[in-house]
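Below is one structure, written out as structure tokens; comments come after it.
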Amino acid sequence: MRPAGSATPVPFRTSQVNGWTLREFERVDSTNFVAAQLGAWEAARADTQTAGRGRFQRSWVSDAGGLWLSAVVPLGAGKEKVSTLPLAAGLAVIDALRKLGFPDTRLRWPNDIMVGDRKLAGLLVDSFSARLAVIGIGVNVTNQPAAQDESLRGTVTRLADLGGPTPALAILGGEILASLRTVIGQLSEQGFAALSPRINQLWGGRRRVRLDLDGRERVGLFGGVDLHGRLLLEDGRAVASALEPHQVRLLREI
Ligand code: BTN
């Protein structure tokens with residue numbers, strides 16, 4: 001949860017962007033915490049985050065030049081399940097990036113966006129109330145994550161490293177929000193089965209993986225996700241194992 005006593009930040013701009021009300025801030029602790037105070041179809045973007053958060057309580061380097069964006073979506077009105085939101089959001093971000101001229105982006109389960117073996121973007125879904133979810137999206141653009149944290153050198157990439165024109169943050173954010181609105185609409189109306197074939201085309205081929213099932217290890221071939229969003233692991237058994245996202249603490253490609 002957000003540290004007690006933090007002041008509520010004031011946006012420097014509020015605008016309507018592709019079906020969303022976007023509030024923009026210079027500096028916040030985490031845009032996910034700011035978005036926790038917003039309503040459905042509202043979003044928060046900040047130039048920098050002082051306490052950017054990754055999965056499993058890891059910190060997320062959020063220096064100037066990256067896209068730090070959190071979008072609030074309604075829950076429970078349709079067929080969406082919160083466990084499938086990270087996968088749906090990953091699809092939306094890749095759709096937007098490919099539209100902007102980055103065809104080599106791929107998904108790594110459950111919600112990393114990769115180029116080759118380097119991480120370009122990450123997603124963090126929080127649900128601070130029963131009826132709303134916050135989808136946090138971090139994309140390295142022209143920021144310098146490895147200069148902030150030496151341990152990231154060689155493991156991360158940025159849109160600016162990929163060749164071709166680097167989109168302005170406003171264009172990138174607008175494209176991602178448009179795509180997110182479309183994908184969340186499809187998820188709500190048709191359920192996850194309508195998205196899974198497209199998601200399963202985005203893993204970038206079949207890869208060997210090592211799974212940490214909260215202490216227990218399993219190795220096998222990553223077989224994508226099933227119609228419910230469960231991870232399919234092929235490890236020589238007659239039927240692939242279907243694992244719920246909460247069962248898998250960490251997936252490593254090996
Ligand atoms: C991960 O890969 O572990 C998830 C990273 C998510 C980072 C984004 S940046 C915008 C939003 N605010 C946060 O504090 N985290 C997410």
Side-chain angles (χ1 to χ4, degrees), residues 1-78 80-93 95-96 110-113 121-141 143 169-185 187-188 245:
M1 281 305 289
R2 180 182 220 162
S6 347
T8 306
V10 179
F12 65 78
R13 182 165 50 221
T14 298
S15 52
Q16 300 303 312
V17 178
N18 297 331
W20 299 80
T21 300
L22 175 64
R23 302 190 194 283
E24 295 180 88
F25 303 83
E26 277 169 13
R27 205 165 110 105
V28 302
D29 47 6
S30 159
T31 52
N32 271 28
F33 289 148
V34 174
Q37 311 297 324
L38 303 180
W41 310 117
E42 292 191 68
R45 186 197 70 78
D47 294 340
T48 58
Q49 301 184 111
T50 54
R53 298 159 56 238
R55 294 179 72 226
F56 300 115
Q57 315 304 326
R58 290 190 276 253
S59 63
W60 177 262
V61 171
S62 314
D63 50 331
L67 181 75
W68 322 127
L69 178 70
S70 298
V72 185
V73 298
L75 282 179
E80 70 285 328
K81 272 193 355 194
V82 76
S83 63
T84 60
L85 280 180
L87 296 165
L91 168 65
V93 174
D95 277 352
N111 47 13
D112 293 337
I113 314 285
L123 295 143
L124 178 69
V125 175
D126 280 316
S127 191
F128 298 105
S129 75
R131 312 220 37 103
L132 298 172
V134 173
I135 299 175
I137 300 162
V139 186
N140 294 318
V141 185
N143 56 307
L169 293 183
I171 303 289
L172 177 63
E175 230 20 278
I176 289 177
L177 287 174
S179 170
L180 197 56
R181 183 100 207 200
T182 305
V183 166
I184 297 297
L187 181 64
S188 170

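Model, not experiment: these values are computed from the prediction. Hydrogens, waters and symmetry mates play no part in the numbers below; they use all other heavy atoms, side chains included. Here, residue 1 is the first one in the sequence, and each next residue gets the next number.
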* Asked: Between atom CG of Asn18 and atom OG of Ser179, what is the distance when rounded to the nearest 0.5 Å?
  -> 10.0 Å
* Just one of Ser62, Ser70, Ser59 clears the side-chain hydrogen bond (donor to acceptor under 3.5 Å, both in side chains) bar with Gln49, so which one? -> Ser62
* Is there a donor-acceptor pair under 3.5 Å between the side chain of Arg181 and the backbone N or O of Gly19? -> yes
* Structure fact -> Taking every heavy atom of Val34 against every heavy atom of Leu38, the minimum-distance pair comes out as O-CG, 3.8 Å
* For Arg55, does its backbone N or O pair with a side-chain atom of Trp60 as donor and acceptor, under 3.5 Å? -> no
* Mutual orientation of the aromatic rings belonging to Phe128 and Phe33 [parallel < 30°, tilted 30-60°, perpendicular > 60°] -> tilted
* Please say which of Ile135, Val134, Val73 ends up in a side chain to side chain contact (heavy atoms under 4.5 Å, CB included) with Val125. => Ile135
* Asked: Pro11 and Arg23: which non-hydrogen atoms are nearest, and at how many Å?
  -> CB-CB, 4.1 Å
* Who pairs with Ser188 by side-chain hydrogen bond (donor to acceptor under 3.5 Å, both in side chains), at least two apart in sequence or on another chain? -> Glu80
* Any donor and acceptor pair, going by atom type alone, linking the side chain of Asn32 with main-chain N or O of Leu124 inside 3.5 Å? -> yes
* Structure fact -> Separation between CH2 (Trp41) and CG (Leu180), nearest 0.5 Å, reads 7.0 Å
* Student check: side-chain heavy atoms of Thr21 and Thr14 closer than 4.5 Å -> yes
Under 3.5 Å, side-chain donor or acceptor atoms of residues 83-92 against the rest of the protein: list the pairs with distances, not counting sequence neighbours.
from  : atom 1 : to    : atom 2 : distance (Å)
Thr84 : OG1    : Lys81 : O      : 2.8

* Asked: Hey, does Thr182 have a side-chain heavy atom less than 4.5 Å from the side chain of Asp95?
  -> no
* **Nearest non-hydrogen partners of Val141 and Gly65, listed with the distance** => CB-O, 3.1 Å
* To the nearest 0.5 Å, tell me how far Asp29 CG sits from Arg53 CZ. => 9.0 Å
* Roughly how far apart are Ile113 CD1 and Leu123 CG, rounded to 0.5 Å? -> 5.5 Å
* To do: For Ile137 and Ile176, work out which heavy atoms get closest and say how close.
  => CD1-CG2, 3.7 Å
* Structure fact -> Here the pair of heavy atoms bringing Leu22 nearest to Leu177 is CD1-CD1, 4.4 Å
* Asked: Out of curiosity, Asp63 CG to Thr48 OG1, how far, rounded to the nearest 0.5 Å?
  -> 9.0 Å
* **Donor-acceptor contact present, side-chain Asp47 to main-chain Ala64, <3.5 Å** => no
* Residues which pass side-chain hydrogen bond (donor to acceptor under 3.5 Å, both in side chains) with Glu24, listed by chain and number, not counting sequence neighbours -> Arg13, Arg45
* To do: Check Gly138 against Trp68 and note the closest heavy-atom contact, atom names and distance.
  => CA-CE3, 3.7 Å
